[in-house]
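First up is the structure itself, then whatever we jot down about it.
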Protein chains: 2
Amino acid sequence: MSAAAALLRSHHLPVTAQRLAILHAVSRNPHATADLIAEAVRGELGSISRQAVYNALGVFAEKGLIRRIQPSGSAARYEDRVGDNHHHLVCRSCGQTVDVDCATGETPCLHALDDAGYEIDEAEVVYWGTCPRCLKQKK
Amino acid sequence: MSAAAALLRSHHLPVTAQRLAILHAVSRNPHATADLIAEAVRGELGSISRQAVYNALGVFAEKGLIRRIQPSGSAARYEDRVGDNHHHLVCRSCGQTVDVDCATGETPCLHALDDAGYEIDEAEVVYWGTCPRCLKQKK
DNA sequence: GGATTTTTTTGACAATGTCCATTTCTTGAA
DNA sequence: TTCAAGAAATGGACATTGTCAAAAAAATCC
């Protein structure tokens, strides 16, 4: 039994070919959108429905197997790297996303000063800019 | 001449009834979506096209007259409050958004440790949670 | 193996934006 | 004041991203 299958089982999730392929695709394509993941899975399985991709990604994100990040103006992206504290750097023109560690240490900005009665469960930091390739194209 | 008109002129933007109404609507409806703003403008002008709203909001945001924030799973929202350093607290279930000041001081998390060659122009912090009203409904 | 539960598929639908061509308006200058 | 040029607004089509619901298929548990 593969490690991925074991991971699913440990979260009481039925193991299916689609889910294994989706996990695999997320792992091999960091910061991919649902659409890109569907494409990758099609390369592996032949076909998959859009809904299966959304279902699986939703469940995985909910269980903490993967992390969903939703930069402005772009579709949601998914990544393998969970459980640590890192943020993202997103290119405004092409949407390319890379991981960055935060400048201010271990748990930066994780607590708002005034929570306005909210129950806060996550702080998301996104750096916006232009990636090297797009910078070059502009000039 | 109104202050809003002067503001537009100072940015070399032609002054139109639609733009004035949009500025007004953004100012009176903090964190409103494009759709809500269109509604507000219709209350003032009678009608406006969707495209005019998107155009104006886009230009205003680009020029720094307003700020655009794009929480996950919700449409983009716009606000009047620019030039200061504040973040947002977004309810996962109803999308309600409130301003928060950051816990770590003046310019928190504004510089990534490793910029990966990117030219960074903004750092966006979003706190995710559940608002008091939705908390109550759950129970 | 067989029943039950969950997932996957398929198709329709909704929300948020964008693109394009045409019309209308604003601006700046004669 | 009026005119020409440029910019913005309109209206309609379209793309993307995601959700909903019902039926078919597959996985799990006993």
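Bear in mind that the values here come from a model prediction, so they are computed numbers and not experimental data. Note on naming: letters A, B, ... go to the chains in the order of the sequence lines (proteins, then strands), and numbering restarts at 1 for each one.
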[atom1] of [X] versus [atom2] of [N]: gap in Å, rounded?
| X | N | atom1 | atom2 | result |
| --- | --- | --- | --- | --- |
| His11(A) | dT6(C) | NE2 | P | 18 Å |
| Gln51(B) | dC14(D) | CD | P | 16 Å |
| Leu57(A) | dT19(D) | CG | C1' | 14 Å |
| His12(A) | dC29(D) | NE2 | C1' | 14 Å |
| Ile22(B) | dA9(D) | CD1 | P | 7 Å |
| Glu39(A) | dT17(D) | CD | C1' | 15 Å |
| Arg68(B) | dG17(C) | CZ | C1' | 10 Å |
| Glu62(B) | dA7(D) | CD | P | 14 Å |

From the options [options], select the nucleotide whose nearest atom is closest to the side chain of [X].
| X | options | value |
| --- | --- | --- |
| Arg19(B) | dT7(C), dA9(D), dG17(C) | dA9(D) |
| Asp35(A) | dT28(D), dT16(C), dT17(D) | dT17(D) |
| Pro14(B) | dT8(C), dT27(C), dT10(D) | dT27(C) |

_Both Thr33(B) and Leu13(B) contact DNA chain C. Taking the nearest nucleotide for each, which residue is further toward the 5' end?_
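It is Thr33(B) whose nearest nucleotide is closer to the 5' end.
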_So for atom CZ, which belongs to Arg28(A), do other residues, nucleotides or ligands contribute more than 12 heavy atoms lying within a distance under 6.0 Å?_
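It does not: Arg28(A) CZ has 12 such atoms or fewer within range.
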Give a yes/no on whether any side-chain N or O of [X] is located under 4.0 angstrom from OP1 or OP2 of [N].
| X | N | answer |
| --- | --- | --- |
| Arg50(B) | dT10(D) | no |
| Thr16(B) | dA9(D) | yes |
| Arg9(A) | dA27(D) | no |
| Gln18(B) | dC25(C) | no |

Check every strand shown and say whether [X] touches a base, only sugar-phosphate, or nothing at a heavy-atom separation below 4.0 Å.
| X | answer |
| --- | --- |
| Ala76(B) | sugar-phosphate |
| Ala75(A) | sugar-phosphate |
| Asn55(A) | base |

*Any luck finding a side-chain donor-acceptor pair between Glu79(A) and His88(A) under 3.5 Å?*
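Short answer, yes.
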*Hey, are His31(A) and Asp99(A) close enough side-chain-wise for a donor-acceptor pair under 3.5 Å?*
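There is such a pair between these side chains.
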*Is the backbone N or O of Leu8(A) less than 3.5 Å from a side-chain atom of Arg19(A), with the two atoms forming a donor-acceptor pair by type?*
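Pair absent, no side-chain N/O of Arg19(A) close to backbone of Leu8(A).
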_With rounding to the nearest 0.5 angstrom, report the CD to CD1 distance, Glu39(B) to Ile48(B)._
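Reported value, rounded in 0.5 Å steps: 11.0 Å.
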